[in-house]
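Shown next, in structure tokens, is the structure this report addresses.
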Amino acid sequence: MTDTATVTVTAPAGADPPRRPRRRWRVRGRRDRALLVMTLPALVLLGVFGYAPMLGLVMAFQDYDLYDGLLHSPWVGLANFQQLFTDPGFWHAFWSTLMLFSVQLVLFFPVPIALAILLDSLLSRRLRSVIQAVVTLPHFFSFVLVVTIFNEVFGGAGVLDTFLRSHGIASPFDFMTNPGTFRFLVSSQLIWKEAGWSMIVYLAALAAISPALHEAAAVDGAGYWRRLRYITLPGLTGITVLLLILNLGYALTFGFEQMLIQLPAVGSGAAQVITTFSFENGIVAGNYSYGAAAGLFLGITSVVLILGANKIAHLFGEDGLYRK
Amino acid sequence: MTKVVPDMSPRMSRRGFLTAAASTVGAVAAQPLLAACGSGGAPATTGAASTTLLQRILPHYTPNSLAKPDYPSIDGSSPAYLAYPSKLVRTVAETPGSGGSYTAITPLWGTIPSAGNPFDQAVNRALGATVSVAPANGNNYSTILPQLFSGNKLPDWIQVPTFWAPPLNFGQGAADRLADLTPYLAGAKISQYPNLAAIFSTGWQAGIWDDKLYGFPSFATGFNIGYQLYYRADVLDKLGIGTPAVKSINDLFDLAKEINDPKAKRWALGDIWGYLFQPFNYAPWMLDAKGSLITQYESEGIIEAMNWLAKAIKAGLVHPDQVAGNYGNGVTEFYSGQMAIVSDGMGAWNAADALKGQAAGKGYTRASFDLFTATGSGTPKVELQAATAWTSYLSKSLSAKQFQECLRIANYLAAPFGSVEYNLLNYGTEGVDYTMTGNGPQLTPSGTKYAGSSVTTYNFLASPNSTTYNAGYPEVTRASASWGQRNAKYGYPPLFYELNVTVPSSLSNANAFTPFTQTDSIMYEVVRGRSSIADYQSTLASWKRNGGNKLKSFYEGVLAQQKKLGSA
């Protein structure tokens with residue numbers, strides 16, 4: 001598709017330079033009409049649910065009052081941000097978010113890749129589909145259910161503790177309420193829930209690697225590990241980088257539901273992230289402008305993170321979010 | 001069916017209580033308050049409406065009890081009936097509606113019933129109007145309300161519990177969106193609506209904001225407290241403990257130790273934080289030994305309460321799920337006997353509870369400790385809550401004709417126990433929603449799904465004063481009514497009782513008491529050993545610095561004003 005596009009847009013020699021871009025757009029538009037029409041519903045959805053609500057962000061610069069609305073609430077400039085940046089609770093939530101995200105990323109990211117490679121190497125198609133179905137299923141559970149299942153197994157009144165207690169062994173530590181190990185708890189929940197689902201993309205990327213490469217390498221005497229190192233992993237790099245960048249976009253918004261549910265169990269010292277901070281201060285306490293300021297800061301930081309990661313990907317010669 | 005407040009999960013109750021504690025609910029705040037503080041600075045003068053003004057606004061109370069209770073009200077306790085009246089009386093002669101159509105939103109803790117169900121149809125037929133109640137999930141009702149108010153998407157009729165009013169800036173906003181009922185119901189004008197006139201004046205006070213009457217009360221009662229301490233009488237019997245004699249907080253600790261057996265999957269206590277205000281005797285606003293105004297968070301009682309619960313948690317006496325803040329299974333764990341002592345609202349003790357509890361295990365019996373003091377000496381005291389927190393409001397956009405129709409409908413909804421109307425609103429239609437037995441009306445599966453005594457919908461728009469009646473479970477009525485008669489005498493009205501104080505917006509942050517009311521409040525952290533009392537003190541100091549002290553001076557002004565007016 002991209003190759004064809006390149007050919008079509010090459011303008012004939014001697015064409016009028018100022019008119020070229022317009023013509024190019026027109027030609028492209030006519031050629032891709034069907035595709036453009038198909039993207040319309042998604043664009044409308046994005047406009048209505050993605051961009052239109054952003055207008056509400058102006059309340060971050062107001063002392064928003066429910067009854068005065070956006071149009072009549074008084075403007076306060078950057079007062080909400082000044083308050084935000086001097087609020088130790090906010091910075092605690094900010095660093096806590098970054099820390100939890102980093103730990104989750106490091107622990108979670110390799111798992112679907114390893115799982116995909118492992119599954120790809122299985123010969124029995126039947127076994128493969130069974131495993132794939134089993135590991136994909138938890139993706140469809142909500143975090144409420146995931147946390148409940150973890151609690152039923154590892155909680156203070158859960159299966160494990162009950163078993164240990166009935167054998168006279170005091171539980172070594174309570175995994176569900178220990179703030180010190182909370183980062184590992186949330187990572188393991190994420191792995192259990194999402195690793196199977198994330199694996200699907202990598203399986204597709206693995207399928208795209210030509211078997212001829214593997215066959216040729218095998219004929220040349222390359223063993224399994226050498227083929228993994230020089231064929232499989234390089235074949236996954238593009239998609240890995242893309243997913244990594246997309247993940248960074250969620251760095252500050254991840255796990256709202258997961259954290260909110262478990263906040264009472266471990267306390268805000270361990271589980272308060274920016275999204276829960278914004279929710280508690282904005283929606284629950286009714287301080288909407290302050291919550292919106294925290295939300296806006298979060299959005300801008302996320303965009304910076306994505307663009308930064310994309311730039312780095314380009315520097316290393318990868319495609320990133322788009323081909324340069 | 002005990003008609004007090006709907007059963008709420010312990011977590012909701014706890015938060016509800018704390019939020020309620022953060023604001024003062026009740027009636028009459030005052031124009032002077034706003035006038036003095038509208039600019040947002042520290043108040044110069046403050047004030048509350050005078051008793052005479054209150055008398056002018058409040059509807060005149062005219063009782064209209066139809067049946068003689070087996071347990072009459074003592075010191076404000078709800079009157080209770082062991083048997084259902086054999087002859088029902090019609091209190092509304094004419095069909096109240098004139099064909100109007102209204103939308104309504106109420107909170108519901110439970111499965112949302114389908115729209116247009118047989119019960120709704122029957123009620124609307126009797127009303128002569130279509131009141132479409134769309135119940136919304138009670139667990140996030142507080143987050144839905146601001147959206148409805150800010151977007152001006154209010155239905156025609158809405159339930160707004162007073163403990164969720166503070167984030168809505170209700171005192172300032174109500175007038176913009178809601179109908180003023182004062183011209184229709186103030187003083188003797190209410191006599192046109194005899195069922196509404198039979199609601200306690202204190203119930204109406206909850207719906208007064210800035211000198212105007214806006215709200216219809218539901219489930220008003222003379223003895224309303226935040227929490228009771230319940231226990232499983234059958235479990236204690238089985239353990240050979242019998243009826244426990246808890247006279248002090250140490251007695252409670254000793255009893256808990258006796259009951260506790262985690263190996264048998266039985267823990268003595270749930271998270272009873274919500275209840276500890278009673279023995280340790282603190283209230284949202286109070287006077288210290290020197291007579292200065294303090295918040296409950298500055299009281300010695302709350303520190304002692306934290307220390308006590310921390311000790312109980314450390315000793316392993318509290319169910320691990322409750323320690324972890326997983327309150328969702330609290331009721332099930334109480335039914336299964338995994339928890340023997342829990343705190344819950346007054347509405348938890350009823351026939352539905354007995355039915356579910358006995359389905360979970362034969363012999364299930366809920367009982368409640370009599371009130372006690374922390375030290376075991378002196379007379380127990382319990383802070384009274386406003387007569388009701390449940391108030392519903394009409395939209396200002398209704399026409400005068402629609403207004404009148406809604407008032408007549410409200411009068412129908414407030415029909416007392418023993419009336420034809422009450423029977424329909426709580427039990428539905430005979431043969432469809434209930435069958436009449438020797439034990440009174442028994443709900444059918446359809447009735448259990450939709451009827452008012454099982455699913456609170458229309459009752460949240462208006463309902464009569466609380467009465468206690470538990471169809472098929474007279475023993476529940478006997479136990480709860482005699483508990484009420486024994487304990488109501490200990491109730492005392494706290495400072496600013498029944499007063500809807502409108503706090504200036506510059507103090508609304510401090511008035512939200514966020515560090516003390518959020519899910520993981522500082523008290524919550526202290527009792528779980530993740531923060532110390534020193535951390536608590538520093539949180540308190542920081543709250544005081546960031547507006548808390550100003551809020552206190554504001555309330556001192558209100559108190560002085562009240563004293564001057566002779567209403568304090």
A:Phe140, CZ atom: more than 12 neighbouring heavy atoms under 6.0 Å: yes

Test item: B:Lys265 and A:Thr162 side chains (from C-beta on) under 4.5 Å apart, heavy atoms: yes

For the student: nearest non-hydrogen atoms of A:Ala157 and B:Trp267, plus distance: CB-CH2, 4.0 Å

Applying a strict 4.5 Å limit to non-hydrogen atoms, the region of A:Tyr290 in contact with chain B is neither

Select one option (side chain, backbone, both, neither) describing which atoms of A:Ser268 are under 4.5 Å from chain B's heavy atoms. both

Where B:Arg530 and A:Gly267 come nearest, the two heavy atoms and their spacing: NH2-N, 3.3 Å

Distance from A:Asp87 atom CG to B:Asn546 atom CG, nearest 0.5 Å? 9.0 Å

Selection from A:Thr177, A:Ile261, A:Asn151 maximising heavy-atom pairs under 4.5 Å formed with chain B: A:Asn151

Check: A:Pro264 main-chain N/O paired with B:Asp520 side-chain donor or acceptor under 3.5 Å: no

How about A:Trp91: does its CH2 atom have over 12 heavy atoms from other parts shown lying under 6.0 Å from it? yes

When the 4.5 angstrom heavy-atom criterion is applied to B:Ser142 and chain A, the contacting part is neither

Do the non-hydrogen side-chain atoms of A:Glu152 and B:Asn329 ever get within less than 4.5 Å of each other? yes

Surrounding CZ of A:Phe163 (heavy atoms of other residues, nucleotides or ligands, distance under 6.0 Å), is the total greater than 12? no

Exercise: identify the closest heavy-atom pair between B:Pro146 and A:Tyr288: CB-OH, 2.8 Å

So does A:Arg165 get a backbone contact from the side chain of B:Lys263, meaning a donor-acceptor N/O pair under 3.5 Å? no

